[in-house]
Amino acid sequence: MKKILFTILTVFAAVSCIDLDLAPLDKPATGNWYQDKEQIVMSLNNIQLVQFWLTDRTEADMTADLDEFTDDAVNRNSQNPMKLGTLTGNGSVNVKTIWSYTYKGISRCNSILDNIDKAKDTMSEEDYLMLQGCARFYRACFYSRICMLYGDPVMFLNDITLEEAYTIGRTPLLEALPKIMEDFDFAAEHCFVSYSGQQMVTKGAALGMKARTALYFGTMFKFQENPDEANSRKYLEMARDAAEACIDLNVYDLYPDFSELFLSKTHNTCEAVFSIARSYEYSGGNDSQYLHNLGVTSGLPRMHNGYCSNNPTWDLLYSFLCDDGLTVDKSSRFNPKNPWENRDPRLKATILEPGTNFCGIVYDFRFNALKVWSDKAGGLVANNDCILVNTDPKLPSRTGLIKCKGVDEDWTDDFIAAPDKQILRYADVLLMYAEAKIELGEISDGKAAGAINRVRARAYKADPSGTGYPAVTASDQASLRKALRIERRMEFAGERLRMYDLRRWRIAEKVLNGYEWGFAYNKKTALEALGGNFIDFVPPIDEDGIPDMSGLSSVAAAQTIHERHFYKESGYLWPIPTNDVLVSGGNVEQNPGY
């Protein structure tokens, strides 16, 4: 790992890659590169850089947190264009940046594949095929992202010249998907099940990411306005089979402690199907690849010198089940004045419970908590996270909620942390397998419910076959679908998967219209009347596990933060960056509605 991290900068200097845009400004300087196996491996390692995987919000990748595009997170200061319904190909930074970095990754993969024969004599046939599998795996992941976000891709499978780039149009989705699956299949066939002393793409990662892609389009085809039943079944079966094959490898398991799984100290776990390890110690001070500055502080409390600008929503808070397995509107155990009480354990592991000692300082947004304990001060200090102490509405969390999933003192001591980049966890493989079987109507064998229960039991540190947790017992498709969708939201909150779920289930038009809610900063009397409690509110939960928050309009201590607008005619696809449409000379057509 040390060698890999030290050579990353060498790769930057040795290989001049195609520019970020579809239209390249230069060609790879490959004449003296790709001469041996080590150079191929270094080039593949370079594709593991943070900006290619959209898992951190750092200075290396200033795209917004993808959770801010959903009902799971709210930005205190402003609404993002996706939830305003104002995305454009010209002015939306995320649209352009994600497109650019993804195509830069594709170009690097193509360059490796076009030049690997130069190094063939320096490696075994097995390694030669394995390294091709790694490059094809990454390319398949990148093209999958383009298809999910933008629709029909501009698809090229070889290194291209500037002139060629201008002439390429978009490939229809149903023609592109088989090529993506071929790449995943090649990787699954030739990548190793495991490696010793190096980090490369595994057979399980190829199967798992194939399942993710196939499930996305299998469900999208099913729930789109005009369902495509034949292709839906085709890709759902593909997702089921790939997920099952990954499970049958018997090399992955659920990490026993959900809270500990996401910490910086927890590396290379049994649950990591596709992850990228990092080490700040060996980076040579190159902190652009690590959580720091805006990437860390945007969600931290004011007491930890954070901005408190990116916060969990009340929608997410009410979506977690109670510990009897029922939704908040059905459970007698739900206490609206203390909504952390009697809930699924993943709630406290995801959204910080008030009164908790968080990295040495008690976090308490409550209106009677004017002072809180600080370990550093050794006593009580003024509570800058209480809105009656800090009345500027730009300062404390607007929702009173703080993300704590994966956050420890490694974040708050110097704002630099290097947790593994967990792109695909075994929990997701289990839930993808369950979902594919549910949507195929294959529920009589109990395997779908069993896979969900394995994930849920881990949260309670219980045996899935025992009674120490609220097992899913439903046996009809509608009930299992609801259980699955709630389970995904509880399990993957903050992991940037929610946006894709909203799109493929075709429920963004329901979820992303309306308001985001928080505390009424300008109503001191109403806040004080709560007596330090949370608001007394119980939203109804619908068939997709979505809380109806409209009743908050009659709650004095609540007020709207932002309005959401989602236009189904255009919102399920992002616009192609305007520059790429223009330079193509009409070959790349813009998506409808933009």
Side-chain angles (χ1 to χ4, degrees), residues 56-57 65 67 72-76 257-266 290-314 316-317 320 335 337-390 392 394-419 459 490 493-495 518-519 530 532-534:
D56 296 329
R57 187 180 184 183
D65 188 330
D67 286 323
D72 277 2
V74 57
N75 187 288
R76 181 198 65 213
D257 190 316
F258 179 82
S259 296
E260 191 177 273
L261 175 61
F262 307 96
L263 301 181
S264 296
K265 68 179 182 181
T266 309
Y290 302 90
L291 296 166
H292 70 110
N293 293 345
L294 180 62
V296 171
T297 56
S298 63
L300 284 178
R302 285 286 168 179
M303 294 299 292
H304 289 287
N305 297 316
Y307 299 136
C308 245
S309 60
N310 183 311
N311 308 119
T313 59
W314 287 356
L316 178 60
L317 174 69
F320 284 80
N335 177 7
K337 294 182 178 181
N338 182 4
W340 284 264
E341 187 177 71
N342 304 326
R343 304 293 295 280
D344 185 290
R346 286 168 289 190
L347 174 57
K348 291 183 180 180
T350 302
I351 301 176
L352 187 62
E353 181 182 16
T356 301
N357 191 314
F358 180 61
C359 303
I361 302 174
V362 171
Y363 174 71
D364 210 330
F365 70 90
R366 293 180 297 184
F367 326 110
N368 57 352
L370 305 183
K371 293 183 179 294
V372 291
W373 177 268
S374 167
D375 289 347
K376 185 176 181 179
L380 295 174
V381 296
N383 179 16
N384 286 332
D385 290 303
C386 174
I387 58 179
L388 297 186
V389 173
N390 204 340
D392 184 337
K394 292 184 177 181
L395 292 176
S397 168
R398 293 293 301 274
T399 62
L401 307 181
I402 294 291
K403 175 187 172 182
C404 62
K405 189 175 184 178
V407 183
D408 60 7
E409 289 199 59
D410 217 18
W411 290 44
T412 59
D413 57 356
D414 57 6
F415 297 148
I416 295 174
M490 294 191 296
E495 297 183 52
F519 286 108
L530 295 177
N533 294 315
F534 209 76

Can a donor-acceptor pair be found, under 3.5 Å and without considering hydrogens, that links the side chain of [X] to the backbone of [Y]?
X	Y	value
T399	T313	no
N383	V389	no
R346	F320	no
D408	L263	no

### Mutual orientation of the aromatic rings belonging to F365 and Y363 [parallel < 30°, tilted 30-60°, perpendicular > 60°]
tilted

### Parallel, tilted or perpendicular, as decided by the 30° and 60° cut-offs, for the rings of W314 and F519
perpendicular

## Note on the structure
P339 and L317 have their tightest heavy-atom pair at CG-CD2, 4.0 Å

## Note on the structure
Of all heavy-atom pairs linking K371 and L380, the shortest is CB-CB, 4.2 Å

I'd like to check [X] versus [Y] (side-chain heavy atoms, cut-off strictly below 4.5 Å). Are they in contact?
X	Y	result
C404	F358	yes
I361	K376	no
C386	L370	yes
N342	N335	no
I402	N311	yes
T350	P312	no
E260	K265	yes
S298	S309	yes

### Task
Check the side chains of D375 and W373 for a donor-acceptor pair under 3.5 angstrom, ignoring hydrogens and angles.
yes

### Query
Which residues pass the salt bridge (charged side-chain N to carboxylate O under 4.0 Å, His left out) test with K403, sequence neighbours left out?
none

### Task
Would you please name every residue forming a salt bridge (charged side-chain N to carboxylate O under 4.0 Å, His left out) with D364, sequence neighbours left out?
R366

Between [atom1] of [X] and [atom2] of [Y], what distance do you get to the nearest 0.5 Å?
X	Y	atom1	atom2	value
M303	N384	CE	CG	5.5 Å
L347	E353	CG	CD	8.5 Å
I351	T356	CD1	OG1	12.5 Å
T266	L261	OG1	CG	7.0 Å
N310	S397	CG	OG	9.5 Å

### Query
Taking it one step at a time, do L388 and F367 satisfy side-chain contact (heavy atoms from CB on, under 4.5 Å)?
CA-CA 6 Å; L388 297 186; F367 326 110; 3.8 Å; yes

### Message
Evaluate R398 against V74 for side-chain contact (heavy atoms from CB on, under 4.5 Å), listing each step before the verdict.
### Response
CA-CA 9 Å; R398 293 293 301 274; V74 57; 5.8 Å; no

